[in-house]
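Each chain gets a letter, A, B and so on, in the order its sequence line appears, and its residues count up from 1.
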There are 2 protein chains.
Amino acid sequence: MAASTLTEVARLAGVSPATASRVLNGSARKPGPDIADRVRQAADSLGYIPNAQAQGLAKSSSGLIGLIVHDIADPYFAAIARGVQEAAREQRKMVLLATTGGAPAEEKEAVAAFAARRADSIVIAGSRSSRPENLEDNAELAAELDRYCRNGGRVAVVGHPVVGATAEEGYHVVAVPNQELAAALAGKLASGWDGDFVIIGGPEGLFTSDDRVRGFQEGLAAAGRQPADILRTAFNRAGGYEAGLKLAGLIKERQAESGDAAGGTRLCIFAVNDVMAIGATAALRSQGLRIPRDAIIAGFDDIETLRDFRPALSTVRLPLEEIGRLATRATAPGALAAGGGPEGESRDAGTGGTEKGGAAVVQPHPITGEVTLRRSTETAA
Amino acid sequence: MAASTLTEVARLAGVSPATASRVLNGSARKPGPDIADRVRQAADSLGYIPNAQAQGLAKSSSGLIGLIVHDIADPYFAAIARGVQEAAREQRKMVLLATTGGAPAEEKEAVAAFAARRADSIVIAGSRSSRPENLEDNAELAAELDRYCRNGGRVAVVGHPVVGATAEEGYHVVAVPNQELAAALAGKLASGWDGDFVIIGGPEGLFTSDDRVRGFQEGLAAAGRQPADILRTAFNRAGGYEAGLKLAGLIKERQAESGDAAGGTRLCIFAVNDVMAIGATAALRSQGLRIPRDAIIAGFDDIETLRDFRPALSTVRLPLEEIGRLATRATAPGALAAGGGPEGESRDAGTGGTEKGGAAVVQPHPITGEVTLRRSTETAA
DNA sequence: ATGTAGTGGGAATGCGCTTTCCCAAACAGC
DNA sequence: GCTGTTTGGGAAAGCGCATTCCCACTACAT
């Protein structure tokens, strides 16, 4: 038995399919109450479930929101996904998930698949990259996105615009103040620390990583400090661990030189995200080093499940869930565009916000990432 | 400009829509190479993307897999989701995500929504519950699932069958040996510990929690120990924290009585999942207590991002990703059913595996959750 | 040369629904 | 009593595609 159809319901109720459609799915025209009841009863007794595919085909809109992440098991993306999910629910839409491992080629595939499904909007959450080996794929991704927008799709990308995407309509960017926040973090750290700094960064060309690195160096400079050395590695725990091992060697060397385990030679390590910071911590520990005795570590993102970690990471709180929500809302049909602060009832029904480099930019409620210095300097409990 | 259609492509290529369809989408009939080329070129130049909705409508199958979780930001579910995603990719399908917060009513909604979208299969990952207040909703969920199966849908549920679901076709259960593993954990803990045990459990009626509690008590009994007291609380970090506060009070009392901070009065706390264990740890710490000095803590799941936690949790490794994969594969059209061990080439093309209580049960490759006692008894590094 | 199988293409139908258009009835106004 | 206007329902035309059936044609065997 295949699921029952609207026609069957209509027949059972003794009305035309048109009428049945009108009562069962929100139409402007409301049939008479008696008829409506008959139809509803018929639908009920048949266990009628409308075929969303057919509906979508008929009114060319699917009620789908596509979400693209690197890895759904990464808590960073999981948090964003939760926000997207929530906003999707507000809009009575469902979310379609694609994980790409961060490869632009896969992202392009995902966009195409979403386009094929006629997703109403697409949220891209992974960090953009300008690495030369991705040049071509990035271009194709941009082209795919542009086409999608041209066909009426709406796109929100978290962080940075997709390199080369030039769509004028329906293309939104949720800015994340990585650089500013990293600078603030550096400032705070510098004010309570007179040793050297080291940065564990992701691969060069990864915007999120680059921004945080740049911001951190700026913050250091503003505090009158020397720029930090940079270790480049993978943007995940394994990368952090690897870098941590190297740093452990460095730290031991320095300690041997100064002949003293303590002293002003301690390093402050800034990993560009929490997961890398955790990896680095584990690596140091594996080499017999202790935090904060031998070094202190700071991260970025303030991942929820990592908050109970001890010694606590100094980190920057990013409202990831909110970011996901904002991105999703930005793509909603009647979305208000530029950041409405308390005063900002300046809603305009347009498709984008402030123009910036040809692309519409949503200025989120100034995403107030907070810098939280946890007791990374205390002894582990 | 709305996306171009197959008809347009056909016209541009100077062929009929039928032919265009045959070359662009894998049909059994392959048109001649010259024509195929013309069509492909036309499609390319128009940027043709097939309309998956229309395709789905025409061949009544959507290429969609529905995934139901409590909360995608919970690392437990995120890990499962990763597995599901992976298996979906193998099947060249996309995953549709629904989060329900664990409420059966919402789960029923989700199933209905998936059914409306004509999802090819549904994977339900949240723990089942038999709480009286959910009785009615559970029944409705079961009815919805049965209907979905009757209409040809395939369902896999992780852990326990949905109470009351009786579908005979396409209904799979991926068993998770919570009880056995909890018993093993209790045994291991008991062999290295002679103090008392306490269990922090989820709300009564939550199967996953109940199984783990029961298993743990069994393990204790097998080791000749007294049953542990049980604290019931929420199945998340907050619950763990709350219980941890209570236990902190208890521990302090006992320490006051014995007049000694150390000694055999230490408690071994078993939280039924890692996230709760982390919460409990944080609570103890907040009360000035230390692990393992004042108590030791064990969890369950071996959540990846929590592995670097120190002092390390004793925990049970559950192959969550694999579970997600298995569940998804179980719903694949040609899925082989009962657990094929190395010897087991006993594939049968049927829809289910061993019958058990009227429901088909997939016996996964004996899901070998390992019990890992981490150095929870060592001093925090 | 004739019949048969096989091949490659098009016409047409239907998937389940929405929506426009049309028509009949009921109602108002003068 | 008539026209003009609403109201409430049905008929029918798609939405974009897969697929079945049908037809023209070729290749081969007889």
Side-chain angles (χ1 to χ4, degrees), chain A residues 1-40 42-43 46-64 113 115-120 151-152, chain B residues 1-40 42-43 46-64 113 115-120 151-152:
Chain A
M1 150 189 168
S4 49
T5 75
L6 186 61
T7 312
E8 291 171 18
V9 173
R11 185 163 29 211
L12 181 59
V15 301
S16 80
T19 305
S21 170
R22 290 195 261 255
V23 15
L24 291 179
N25 312 57
S27 163
R29 284 181 54 175
K30 300 284 171 205
D34 45 342
I35 292 216
D37 271 0
R38 280 222 312 277
V39 172
R40 258 185 286 271
L46 287 181
Y48 171 71
I49 295 185
N51 183 327
Q53 309 223 59
Q55 289 188 158
L57 183 55
K59 43 185 181 190
S60 62
S61 114
S62 60
L64 254 27
R117 297 236 134 72
R118 297 302 184 261
D120 297 332
N151 290 344
Chain B
M1 151 190 167
S4 48
T5 75
L6 186 62
T7 311
E8 290 172 17
V9 173
R11 184 162 31 213
L12 182 59
V15 302
S16 79
T19 304
S21 170
R22 289 196 261 255
V23 15
L24 292 180
N25 313 57
S27 164
R29 287 181 51 176
K30 300 282 171 207
D34 45 341
I35 292 219
D37 271 0
R38 279 223 313 278
V39 172
R40 257 187 285 273
L46 286 182
Y48 170 70
I49 294 185
N51 183 327
Q53 310 224 58
Q55 289 188 161
L57 184 57
K59 40 184 185 190
S60 62
S61 114
S62 60
L64 254 28
R117 297 233 134 73
R118 296 303 184 263
D120 297 333
N151 290 343

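The side chain to side chain contact (heavy atoms under 4.5 Å, CB included) search around B/Ala113 returns A/Met94, not counting sequence neighbours. Taking the side chain to side chain contact (heavy atoms under 4.5 Å, CB included) definition, one finds that B/Ala42 meets it with B/Val9, B/Leu12, B/Ala13, sequence neighbours left out. Under the side chain to side chain contact (heavy atoms under 4.5 Å, CB included) criterion, B/Ala20 pairs with B/Leu6, B/Ala10, B/Val15, B/Val39, sequence neighbours left out. Under the rule for a side-chain hydrogen bond (donor to acceptor under 3.5 Å, both in side chains), B/Asp37 has no partner lying at least two apart in sequence or in another chain. Every side-chain hydrogen bond (donor to acceptor under 3.5 Å, both in side chains) that A/Ser16 has, sequence neighbours left out, goes to A/Thr19. Applying the side chain to side chain contact (heavy atoms under 4.5 Å, CB included) criterion to A/Ile49, with sequence neighbours excluded, gives B/Ala115, B/Ala116, B/Arg118, B/Glu144, B/Arg147.
Note: CG (B/Leu46) to C1' (D/dG16) measures 15 Å, nearest angstrom. Going from atom CG of A/Leu6 over to atom P of C/dG16 covers 11 Å, rounded to whole Å. Distance, A/Arg11 CZ to C/dC17 P: 12 Å, rounded to whole Å. Here D/dC17 presents its C1' atom at 11 Å from CG of B/Leu24, a figure rounded to the nearest Å.
Smallest separation of non-hydrogen atoms from A/Ala54 and B/Leu57: CB-CD1, 3.9 Å. Contact between A/Ser4 and A/Leu46 at its shortest, heavy atoms only, is OG-O, 3.3 Å. A/Thr5 and A/Tyr48 make their closest contact through C-CE1, 3.6 Å (heavy atoms, listed as atom of the first residue, atom of the second, distance).
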Please write out each protein N/O paired with an N/O of nucleotides 7-9 of chain C under 3.5 Å, distance rounded to 0.1 Å.
residue: C/dG8; atom: N7; partner: B/Arg29; partner atom: NH2; Å: 3.3
residue: C/dG9; atom: OP2; partner: B/Gly32; partner atom: N; Å: 2.9
residue: C/dG9; atom: N7; partner: B/Arg29; partner atom: NH2; Å: 2.1
residue: C/dG9; atom: O6; partner: B/Arg29; partner atom: NH1; Å: 2.5
residue: C/dG9; atom: O6; partner: B/Arg29; partner atom: NH2; Å: 2.8

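Of the two residues near DNA chain C, B/Ala18 and A/Thr7, the one whose nearest nucleotide lies more 5' is B/Ala18. Residue order along DNA chain C, read from the 5' end via each residue's closest nucleotide, puts B/Ser60 first among B/Ser60 and A/Ala20.
Within the structure, side-chain hydrogen bond (donor to acceptor under 3.5 Å, both in side chains) pairs that include any residue of residues 49-58 of chain A comprise A/Asn25-A/Gln55 (at least two apart or interchain).
Of the residues in residues 47-59 of chain A, A/Leu57, A/Ala58 come within less than 4.0 Å of DNA chain D through at least one heavy atom, sorted by number.
Between the axis at the start and the axis at the end of the helix from C/dA1-D/dT30 to C/dC30-D/dG1 there is an angle of 50°, using five pairs per end and rounding to 10 degrees.
Distances shorter than 4.0 Å separate some side-chain N or O of B/Ser21 from OP1 or OP2 on D/dA18. Residue A/Asn25 places at least one side-chain N or O under 4.0 Å from the OP1 or OP2 atom of C/dT18.
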